[in-house]
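Below is one structure, written out as structure tokens; the observations come after it.
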There are 2 protein chains.
Amino acid sequence: MFKVALIGQGNVSFHLESTFTGVKEVECTIYNSRDENLGKLVNSSDVCIVAVSDSAIKGVSKKLLPTNALIAHTSGSVSMKELPDDGRRGVFYPLQTLSSAKSIDFSKVPICIEAESLEDREILLKLANYISSSVHQVSSEQRKSLHLAAVFANNFTNHMYQTAHDICEENKLSFDLIRPLIHETSNKIMSLTPFEAQTGPAKRNDQATIKSQQNQIEDSERRELYSKLSKSIQKVYGQKL
Amino acid sequence: MFKVALIGQGNVSFHLESTFTGVKEVECTIYNSRDENLGKLVNSSDVCIVAVSDSAIKGVSKKLLPTNALIAHTSGSVSMKELPDDGRRGVFYPLQTLSSAKSIDFSKVPICIEAESLEDREILLKLANYISSSVHQVSSEQRKSLHLAAVFANNFTNHMYQTAHDICEENKLSFDLIRPLIHETSNKIMSLTPFEAQTGPAKRNDQATIKSQQNQIEDSERRELYSKLSKSIQKVYGQKL
């Protein structure tokens with residue numbers, strides 16, 4: 001039986017707790033990172049998962065010392081080395097967008113694992129394998145890159161949706177007209193590479209449409225974004241603007 | 001019984017043909033737009049759907065004259081007025097990304113309809129309703145805006161996937177690590193607005209992460225894209241960089 005302390009009361013803790021609850025080999029409790037007795041409370045745990053904001057990881061994890069437990073944070077961008085070096089340390093990073101409003105099937109969520117010792121790596125691998133079929137050993141450096149890739153695939157992609165939404169709204173059109181396209185665009189990527197899936201005026205170097213759409217955009221910032229993104233696509237397909 | 005001539009041998013024709021084939025009220029044939037006898041061949045049709053590239057619409061539709069058939073093109077960005085003004089004209093625009101490699105459930109594809117006369121609008125509405133439950137009357141001006149929104153929601157979104165893919169590849173990471181995130185990001189938009197769904201450093205004005213990620217990006221063009229997109233998100237959420 002693994003005794004897991006989940007520290008922090010955000011979305012990651014919440015989702016991990018509800019997922020670990022279904023695993024008989026794991027006993028899992030959520031703790032408030034601000035609890036004055038935090039160190040004492042989690043002292044008998046095998047693994048402390050510090051699921052707090054990036055800037056709080058250092059401070060919260062220090063409060064756990066001294067401890068024999070393995071301390072792992074859940075951040076995409078924070079190095080493992082930011083955890084106290086007089087303890088056992090690791091990373092347990094679920095690569096997914098988690099919101100409190102929406103439950104998630106964790107079995108398909110990639111979990112990226114890092115640890116200093118072989119033994120601790122085995123522990124985190126085991127823990128991750130209980131809840132996901134997609135578990136990966138990833139260095140701090142690689143994880144930072146993954147996090148950057150995730151910003152493009154998630155935050156920036158959502159901003160493309162936002163822009164499409166605004167264009168619809170400005171023209172008295174329902175965003176529902178665009179939703180099936182968004183669904184299909186992401187669906188294609190499940191079996192194709194982005195290189196294979198690309199379509200549109202920039203890819204086929206259709207200057208007439210590109211110019212016409214640029215002229216159509218009234219907002220200068222949006223027009224610049226259109227232009228930069230079109231150029232960037234053309235670069236992928238080896239065409240000059 | 002509607003006699004529909006599909007003119008052009010691209011993806012739109014291909015998908016419309018295989019969808020109309022399942023509709024007993026429609027008899028549908030594909031024609032090569034370069035056929036010398038095109039006008040004669042399609043003369044007995046009720047509706048000619050001109051599904052060719054934007055720049056070919058004008059030329060191909062002229063070849064159909066004289067005719068009593070309703071001529072409709074399938075383009076998002078071409079005005080209905082570009083069809084010959086001495087004939088009946090309309091637009092039948094399916095708002096979806098169609099590729100030959102992938103079959104599609106047309107019943108959820110929004111079809112945007114435009115026509116000059118009430119009667120012709122009724123014909124196109126009827127035809128669209130046979131194959132889709134999402135049929136909309138949209139003016140040429142609105143359709144142009146929809147097409148622009150679609151470029152953001154599809155082409156530019158796919159370019160975000162491409163960038164994430166490249167970052168993975170450069171760091172010896174599988175793009176499969178990112179695919180579940182892409183799936184979930186689009187899935188959220190089916191029930192939330194993009195405004196509600198946004199997460200990440202730019203939205204929460206996390207300057208430390210934004211700066212660190214900017215420094216992490218070696219390619220200057222990619223760094224500029226990161227910066228512009230972050231600023232654009234911050235503008236949506238009312239924060240200054």
Side-chain angles (χ1 to χ4, degrees), chain A residues 54-55 77 95-97 102 108-110 136 142 144-146 148-165 167-168 171 173 177-186 188-190 193-195 197-200 202 208-209 212-213 216 221 225 228-229 232-233 236, chain B residues 54-55 77 95-97 102 108-110 136 142 144-146 148-165 167-168 171 173 177-186 188-190 193-195 197-200 202 208-209 212-213 216 221 225 228-229 232-233 236:
Chain A
D54 288 3
S55 57
S77 45
L95 205 178
Q96 188 51 280
T97 171
K102 205 171 165 303
K108 288 169 190 165
V109 174
H136 309 264
Q142 284 181 310
K144 229 174 143 179
S145 301
L146 265 183
L148 179 63
V151 166
F152 278 90
N154 174 269
N155 308 158
F156 292 166
T157 287
N158 190 73
H159 190 57
M160 298 299 103
Y161 302 164
Q162 178 75 54
T163 309
H165 175 275
I167 294 169
C168 286
N171 292 280
L173 292 157
L177 280 158
I178 298 291
R179 283 193 161 103
L181 180 66
I182 288 176
H183 178 79
E184 181 64 14
T185 302
S186 72
K188 269 169 113 172
I189 285 301
M190 298 306 124
T193 65
F195 189 86
Q198 190 59 277
T199 58
T209 303
S212 152
Q213 293 201 316
Q216 188 186 342
E221 197 194 291
L225 217 50
K228 293 249 178 271
L229 289 164
S232 192
I233 292 173
V236 173
Chain B
D54 288 3
S55 57
S77 45
L95 207 177
Q96 188 50 282
T97 171
K102 208 171 163 301
K108 289 171 190 163
V109 174
H136 309 265
Q142 284 181 311
K144 229 175 144 181
S145 301
L146 265 183
L148 179 63
V151 166
F152 278 91
N154 174 270
N155 307 157
F156 292 167
T157 287
N158 190 73
H159 191 56
M160 298 299 103
Y161 303 163
Q162 178 74 55
T163 309
H165 175 275
I167 294 169
C168 286
N171 292 279
L173 291 157
L177 279 157
I178 298 291
R179 284 193 162 103
L181 180 66
I182 288 175
H183 178 78
E184 181 64 14
T185 302
S186 72
K188 269 168 111 172
I189 286 300
M190 297 306 125
T193 64
F195 189 87
Q198 190 59 279
T199 58
T209 302
S212 153
Q213 292 201 318
Q216 188 186 341
E221 196 194 292
L225 217 49
K228 293 248 178 270
L229 290 165
S232 191
I233 291 173
V236 173

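Residue numbering restarts at 1 for every chain, and letters A, B, ... go by the order of the sequence lines.
Side-chain atoms of B:I178 and A:L146, non-hydrogen and from C-beta on, do get closer than 4.5 Å to each other.
With rounding to the nearest 0.5 angstrom, the OG1 atom of A:T97 is 6.5 Å from the CD atom of B:E184. To the nearest 0.5 angstrom, B:S212 atom OG is 9.5 Å from A:D54 atom CG. Note that the CE atom of A:M160 and the CG atom of B:L229 stand 5.0 Å from one another [nearest 0.5 Å]. How far CZ of B:F195 is from CG of A:N158: 11.0 Å, rounded to the nearest 0.5 Å.
Nearest heavy-atom pair, B:A150 versus A:L181, reported as atom, atom and distance to 0.1 Å: CB-CD2, 3.5 Å. Nearest heavy atoms, B:G200 versus A:N155: CA-OD1, 3.3 Å.
A:S232 and B:H159 share a donor-acceptor pair across their side chains, judged by distance under 3.5 Å alone.
When each of A:N154, A:T163, A:L95 is scored by its heavy-atom pairs under 4.5 Å with chain B, the top score falls to A:N154.
In terms of modelled atom types and a separation under 3.5 Å, the side chain of A:Q216 and the main chain of B:L148 share no donor-acceptor contact. No donor-acceptor pair closer than 3.5 Å links the side chain of B:Q142 to the backbone N or O of A:L173.
With a 4.5 angstrom heavy-atom cutoff, A:Q198 touches chain B via backbone and side-chain atoms both. Only the side chain of A:E221 comes within less than 4.5 Å of a heavy atom of chain B; its backbone N, CA, C and O stay farther away.
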